[in-house]
Amino acid sequence: MVELKNIRVVYNKNQINEKKALDKFELSIKKGEFVTIIGPNGAGKTTLLKVLTGEVVLDQGSFTLNNTSIKRTKPYKLFRNVGIVYQEPDRGVFPELTLEENLILGSKKGNRFFSFGKYEGLELLKSLNMGLENRLKTKVKEFSGGQKQALAMVLASITKPDLLLLDEHTAALDPKNVEKVMELTMKINKELGLTIIMVTHNMKIVEKYSSRIVEIKDGKVTKDFVYEKTHNTEELKKVTAN
Ligand code: ATP
């Protein structure tokens with residue numbers, strides 16, 4: 001589904017401040033997997049997401065998504081097949097439009113319109129009991145951060161992209177909304193069947209929700225393992241501390 005082979009990304013190439021953000025980076029992800037990416041600041045996590053959205057051109061290596069090789073030189077072609085939700089709730093919604101208008105716009109993918117998207121999206125939002133049941137005609141700028149982020153998740157998912165990327169998507173939320181947005185994340189993975197890659201620094205989320213965990217340090221994968229919920233958390237701390 002996702003195959004990254006021998007990836008190298010270099011910022012400021014041939015300049016005094018040249019930086020290899022990813023080097024000999026390898027990762028393989030199957031359809032429907034939920035993968036958590038962890039690692040210290042500067043490890044290369046955001047750069048990995050930029051490779052997957054096509055925001056950076058590869059210096060070396062190959063990237064295959066759903067059996068299609070993504071040409072290093074034409075990364076923008078990814079745009080329609082990869083959804084992303086960022087840390088800031090306003091980034092993923094249209095604040096000046098109503099909830100209904102957001103859902104209609106979010107159901108468009110290129111020239112195609114996913115008519116079921118609006119209803120499926122609304123059903124997902126309703127199922128969270130976040131007070132969005134009767135707010136179709138309300139402008140989204142009036143929503144709380146948690147409500148906006150739940151909508152951003154739905155908008156990034158309803159056209160069923162091959163891949164959904166979550167870039168610290170709960171970092172700006174209070175604990176109650178973190179739980180709601182994670183509940184939605186799991187529904188999108190399990191019920192819609194989307195393949196998800198989530199970057200987080202929040203170890204409580206990792207302990208509660210993660211299955212496969214990939215650790216990145218200095219631009220390389222340093223650990224790749226399945227975290228069993230039956231493990232005690234001390235064991236996870238030990239693994240991630242090394
Ligand atoms: P954080 O957890 O702090 O967000 P990260 O794991 O996401 O870190 P990246 O943002 O991918 O790490 O950065 C990897 C390395 O590349 C870091 O050393 C960073 O300083 C450098 N870097 C990132 N973006 C650029 C850029 N546009 N120009 C130059 N160097 C960059």
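Numbering of ligands and ligand atoms starts at 1, following listing order. As the structure is a computational prediction, the values presented were derived from the model and not from experiment. Note that these values count all heavy atoms, side chains included, but never hydrogens, waters or copies made by symmetry.
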With distance as the sole test, does [X] use its side chain to make a donor-acceptor pair with the main-chain N or O of [Y] at under 3.5 Å?
| X | Y | answer |
| --- | --- | --- |
| E101 | T98 | yes |
| Q149 | H169 | yes |
| K45 | P40 | yes |
| K148 | V93 | no |

Out of all atoms in ligand 1, which are within 4.0 Å of some heavy atom of [X]? Include the element for each.
| X | answer |
| --- | --- |
| K45 | 1 (P), 2 (O), 5 (P), 6 (O), 7 (O), 8 (O), 11 (O), 12 (O) |
| K19 | 15 (C), 16 (O), 18 (O), 21 (C) |
| P40 | 6 (O) |
| A43 | 5 (P), 6 (O), 12 (O) |

Closest protein heavy atom to [atom], given as residue, atom name and distance to 0.1 Å:
| atom | answer |
| --- | --- |
| atom 14 (C) of ligand 1 | G42 O, 3.4 Å |
| atom 31 (C) of ligand 1 | Y11 CD1, 3.2 Å |
| atom 3 (O) of ligand 1 | N41 OD1, 3.3 Å |
| atom 10 (O) of ligand 1 | T46 CB, 3.6 Å |

**Study point:** Within-4.5 Å side-chain heavy-atom neighbours: V51 and F25
**Key:** no

Exercise for review: Kindly indicate whether the side chain of L99, heavy atoms from C-beta on, has any atom under 4.5 Å from the side chain of T138.
Suggested key: no

Check your understanding: Does K208 pair with E179 as a salt bridge, N-O distance under 4.0 Å?
Key ->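 A salt bridge is present here (some side-chain N lies under 4.0 Å from a carboxylate O).
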
Practice item. Examine the proximity of ligand 1 to L48 and report which part, side chain or backbone, both or neither, has a heavy atom under 4.0 Å away. Key: neither

Review point. Counting heavy atoms only, which part of H201 comes closer than 4.0 Å to ligand 1: side chain, backbone, both or neither?
Key: side chain

Check your understanding: Between A156 and P161, which heavy-atom pair has the shortest distance, and what is it?
Key -> O-CG, 3.4 Å

Practice item. Decide whether the shortest distance between a heavy atom of G44 and an atom of ligand 1 is less than 4.0 Å. Key: yes

Exercise for review: Using non-hydrogen atoms of the residue, decide whether G219 is closer than 4.0 angstrom to ligand 1.
Suggested key: no

Exercise for review: Looking only at distances, please establish whether an N/O atom of ligand 1 is found under 3.5 Å from an N/O atom of T47.
Suggested key: yes

Point to revise | atom 19 (C) of ligand 1 touched by protein (heavy atom, under 4.0 Å) | key: no

Check your understanding: Side-chain heavy atoms under 4.5 angstrom apart, residues restricted to Ile, Leu, Val, Met, Phe, Trp, Tyr: same cluster for L49 and V2?
Key -> yes

